[in-house]
Amino acid sequence: MNGILKDYIFLYTKIHGPVWSSPAQCGGSGLLGARRSSGRSLVPGISGGLGPGAPLFCTRKSEKHLFFPGAVCTESQMAHTYPRSANEELVDILEGTRLSGDLSHALRTFSPQPYKDMTTSSASDLSKKTLDSQYLQYVFKEISAESSLSMEEVKEDARLLLDEMSQNLQLGFIRLMGYTLTKVLKRLYSKIYVNMEGLNTLQQAVRENPCLSLLLDFATLAGMKLVGEILRRSGAFFIRRSIGSDKLYWAVLSEYVKTIVRTGFAPLEFFVEGLRSRTLKSVPPKLGMMHMVLEPYFKGEVFDITLVPISISYDRVLEESLLAHELLGIPKPKETTRGLFKATKVLQEDYGCMHVNFGRPLSVRELCQGKINRCQYNLTPRDLPQVPSADVQACVNWLAHLIVRIQEEGSCISPWSLMACVLLQCPTSTLKDRGMAWTELKDSTLWLRKLALRFRAHLHWPEKASDQDVMSSMVALHRSIVAHEGDRVCLVQEERPRRKFELSAEEEVNRTAATVLMLASYRNQTLHVFLRPAMLATAVQVTNSTQPDELFTFFCFLKDLFSSEFIFVPGESTQDFEEACLLMKGSGAVHMSPEEVTVTEAGQQIVSFLHSLLQPFIQSYQAILEFFSENETKDMPEKQLYPTMRSFVMNLILSGELQTYEALSSDTHKNVLSALCTLRVMTKLRESKENKYQVDTAAVKRISDILCGKISPQLLHRTPHAKL
């Protein structure tokens, strides 16, 4: 249901401006999702940066420097590269509907100004142009030659696939969706804020170049026949969740997407991450769709493409409990139209505010300057299939990660996210039994608010209410997670199931883990603000070193290990380390010189907090590394591997050896496996239909020793494993 509700923003842009047909990636998932903007640009060369591909370095010019291995960057230079916009106008888009009425709002005048070079005027024209393309004709011949099917049969199969996925935009259905969702959202949210400056800029951008709106996904929309058809007629097109090696489907999908871009039929809107996030934390982007939409530029079929990062953030997420249970291995119920209508009790709940940010338009032409050689596409006819070269793949990967980082910077942090960070510093057993003192929670949250602002975070903290009232309202909003009892705040556990027998020890752990994971998901919404300083703080604490080069080495080790856990732009380790040092220096946590980085007396609290912030992840990774060190998994199928890992972690928690319940998360298990494969200490073996893993246990043990500080940073360069 959450995915459907977020389509309101999708429809709002259709009715209020020229974003009049934004087909979105549905692939079994939702259309919209994510967070809000601080207006800060992460793109060198955009909005006053240093130029595409330019290093974030400068020569020594003043006493206010950052010293680190190989480069020096001033604080003023960092501020110039990452500018903040002036106070943007935030408008509550629900306010207008309360004044004019839902029907009047949905029937507002609609006069879009389309892309100046648009050559296709209808959905049927778009489909015809796709099927008649020279590229598909070539693919049809290939498939016909490889199979027993005739050309006409292959073309008919392609037509059916196109009918399955294509949109059928009708303005009447957009108005119907707008009317319905307005009524629903007014029941769920008190306010929905939109930055009008960003929306107005987007309206101008779609007239100049093919425009792609890229979103962060935090919810799901499964295939629902009735709802799906309404979405299709509202301009959405659908992609199968799993395509595999279906050559014809890939060809039809890619040509349909590229035809939309080439013709300027409509701004294209999709999730750069491909999948929803069950942890409310960004997930690494999927590159398939990015390759499709960027290929017309690489081949010179369009002069430029405009990328517009869009972010949405919530005070409270509708599916928080379902997502937590999914992480514990409990499948999410299949979403159906019938189930949607039965979920009307959701309308009785309060979900606070929603913030939507339309980020600054980014030029693909400017971003890719100097990164790829487009002349390579002149050597082969454009209509023939081409495998992307290494530099093209690297550029698309860099660009996709960059977009997600910008979307992270576009998030609006609520007071509850900061409170979740503080609450999770308390041992789970204490939080569950005695709770945390209200005064301690309040004082620590206010301290953290100051630190977040120093780290240039964008906070949504109501100005007209007292701090006491703001935090009390947040606890009341999240009463399914915590309860304010007397002068203490305690963790709330889900109700025990009604049955004759007592719950097992494992079931009791899962009850607690579900609530902890819900709380952690809100902490995750603010991690991008503290992540890089926290990695530096961890390097300081673990290595017990003051040498910049040693801290940088351990920082890069953490970045490699957490490559699937957090978003890092490829090739920017130095910039990330610079940013961490500047933020820590700016907060008064460290002193810096060319020879050493030392923690100040006032910075002890900051370093301790930041180090603790990463501990759930570090302890979870240590537990999984221990599992692979002690267990032979070579002959274990992948489907058996994950339950075995969870059982191992469960036993550690039951024995008291492991304190973090987040180690039970299936997403964490998958991220560890992905990181170990990236570090080349684990190899995925494809045997028949089941994947298996071959593990270098000695290398796994080495990673564990590095993580806990048993191996000195000076020795990290001597590892026989290239990635370590």
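Just so you know, these numbers use all the heavy atoms, side chains as well, and skip hydrogens, waters and symmetry mates.
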> Could you give the distance from OG1 (Thr512) to CD (Gln493), rounded to the nearest 0.5 Å?
Replying inline: 3.5 Å

> Do Phe609 and Leu448 come close enough that some side-chain heavy atom pair is under 4.5 Å?
Replying inline: yes

> Are Lys281 and Glu565 within salt-bridge range, i.e. N to O under 4.0 Å?
Replying inline: yes

>> Checking Phe270 against Ile239 for the side-chain contact (heavy atoms from CB on, under 4.5 Å) test, could you report, in this order, the C-alpha distance in whole Å, the side-chain angles of both residues, the deciding distance, and whether it holds?
In response: CA-CA 11 Å; Phe270 68 97; Ile239 302 174; over 6 Å; no

> Are His528 and Ser411 close enough that a side-chain donor and a side-chain acceptor fall under 3.5 Å?
Replying inline: yes

> Is the shortest distance from a Lys or Arg side-chain nitrogen in Glu507 or Arg511 to a carboxylate oxygen in the other one below 4.0 Å?
Replying inline: no

> Can you check whether Val492's main-chain N or O pairs, donor with acceptor, with Thr515's side chain at less than 3.5 Å?
Replying inline: yes

> Between Ile413 and Gln525, is a side-chain contact (heavy atoms from CB on, under 4.5 Å) present by the stated rule, with each step listed?
Replying inline: CA-CA 7 Å; Ile413 298 173; Gln525 290 182 315; over 6 Å; no

> So, does Tyr522 use its side chain to make a donor-acceptor pair with the main chain of Val317 at under 3.5 Å?
Replying inline: yes

> Which heavy atom in Asp560 sits nearest to a heavy atom in Leu679, and how many Å separate them?
Replying inline: CB-CD2, 3.8 Å

> Is there a side-chain contact between Pro616 and Leu424, using heavy atoms and a 4.5 Å cut-off?
Replying inline: no

>> As an exercise, state the distance from CG of Leu561 to SG of Cys556, rounded to the nearest 0.5 Å.
In response: 13.0 Å

> So, are Asp667 and Arg278 salt-bridged, with charged N and O less than 4.0 Å apart?
Replying inline: yes

> Quick one: do Arg240 and Asp246 make a salt bridge, cutoff under 4.0 Å?
Replying inline: yes

> Of the options His401, Glu409, Gln407, which is the one that meets Arg405 in a side chain to side chain donor-acceptor pair (under 3.5 Å)?
Replying inline: Glu409

>> Are the side chains of Asp391 and Lys371 in contact, using a 4.5 Å heavy-atom criterion?
In response: no

> Between the side chain of Asn631 and the main-chain N/O of Thr633, is any donor-acceptor distance below 3.5 Å?
Replying inline: no

> Given the rule in the side-chain contact (heavy atoms from CB on, under 4.5 Å) test, do Met645 and Ile624 qualify, once you have shown the distances and angles that lead to the verdict?
Replying inline: CA-CA 7 Å; Met645 279 193 291; Ile624 303 303; 3.8 Å; yes

> Does the side-chain contact (heavy atoms from CB on, under 4.5 Å) test come out yes or no for Thr697 and Glu630, once each step is laid out?
Replying inline: CA-CA 8 Å; Thr697 54; Glu630 298 180 1; over 6 Å; no

> Do Val482 and Leu423 have side chains that get closer than 4.5 Å, going by heavy atoms?
Replying inline: yes

> Can you check whether Ile310 reaches Asn357 side chain to side chain, under 4.5 Å on heavy atoms?
Replying inline: no

>> Run Glu550 and Thr543 through side-chain hydrogen bond (donor to acceptor under 3.5 Å, both in side chains) and show every step you take.
In response: CA-CA 8 Å; Glu550 295 181 359; Thr543 65; 5.7 Å; no

> Is there side-chain contact between Gln659 and Pro427, with at least one heavy-atom pair below 4.5 Å?
Replying inline: no

>> Treating His291 as the side-chain partner and Pro388 as the backbone partner, does any N or O pair qualify as donor plus acceptor under 3.5 Å?
In response: no

>> Which heavy atom of Cys395 sits nearest to which heavy atom of Ile372, and what is that distance?
In response: CB-CG2, 3.5 Å

>> How long is the straight-line distance from CG of Asn524 back to OG of Ser282, given to the nearest 0.5 Å?
In response: 9.5 Å

>> Return the CG to OG distance between Leu280 and Ser313, rounded to the nearest 0.5 Å.
In response: 11.0 Å

> Listed by chain and number, what are the salt bridge (charged side-chain N to carboxylate O under 4.0 Å, His left out) partners of Arg523, not counting sequence neighbours?
Replying inline: Glu662

> Centres of the Phe566 and Phe617 rings: under 6.0 Å?
Replying inline: yes

> Above 12 or not: heavy atoms from other molecules or residues under 6.0 Å from NZ of Lys286?
Replying inline: no

> Closest approach of Phe648 and Ala623, non-hydrogen atoms and distance?
Replying inline: CE2-O, 3.5 Å

> Do the side chain of Ser254 and the main chain of Trp250 share a donor and acceptor less than 3.5 angstrom apart?
Replying inline: yes

> Would a line drawn from the ring center of Tyr314 to the ring center of Tyr351 be shorter than 6.0 Å?
Replying inline: no

> Under 3.5 Å, side chain of Ser612 to main-chain N/O of Ser608, donor-acceptor pair present?
Replying inline: yes

>> Using only atom types and a distance under 3.5 Å, with no angle test, would you say the side chain of Ser655 pairs donor to acceptor with the backbone of Asn651?
In response: yes

> Is the closest side-chain donor-acceptor distance between Ser573 and Lys559 under 3.5 Å?
Replying inline: yes

> For Lys670, does its backbone N or O pair with a side-chain atom of Ser674 as donor and acceptor, under 3.5 Å?
Replying inline: no

>> Using only atom types and a distance under 3.5 Å, with no angle test, would you say the side chain of His611 pairs donor to acceptor with the backbone of Val607?
In response: no

>> Looking at every heavy atom in both Ala514 and Ala324, which two are closest together, and how far apart are they?
In response: O-CB, 3.5 Å

> Side chains of Ser480 and Glu320: donor-acceptor distance under 3.5 Å anywhere?
Replying inline: yes

>> Side chains of Gln622 and Ser704 only: does a donor on one sit below 3.5 Å from an acceptor on the other?
In response: yes

>> Ignoring hydrogens, what is the shortest heavy-atom contact between Asp315 and Ser414? Give both atom names and the distance.
In response: OD1-CB, 3.6 Å

> Do Met650 and Leu654 come close enough that some side-chain heavy atom pair is under 4.5 Å?
Replying inline: yes

> Checking Glu273 side chain against Pro285 main chain: does a donor-acceptor pair fall under 3.5 Å?
Replying inline: no

> Do Thr279 and Leu323 have side-chain heavy atoms sitting under 4.5 Å apart?
Replying inline: no

> Taking the six-membered ring for Trp, is the centroid-to-centroid distance between Tyr621 and Phe562 below 6.0 Å?
Replying inline: yes

> When rounded to the nearest 0.5 angstrom, what is the spacing between CG in Leu676 and NZ in Lys684?
Replying inline: 12.5 Å

>> As an exercise, state the distance from CG of Leu322 to CG of Leu327, rounded to the nearest 0.5 Å.
In response: 11.0 Å

> So which heavy atom on Ile703 is nearest to which on Phe557, and how close?
Replying inline: O-CZ, 3.8 Å

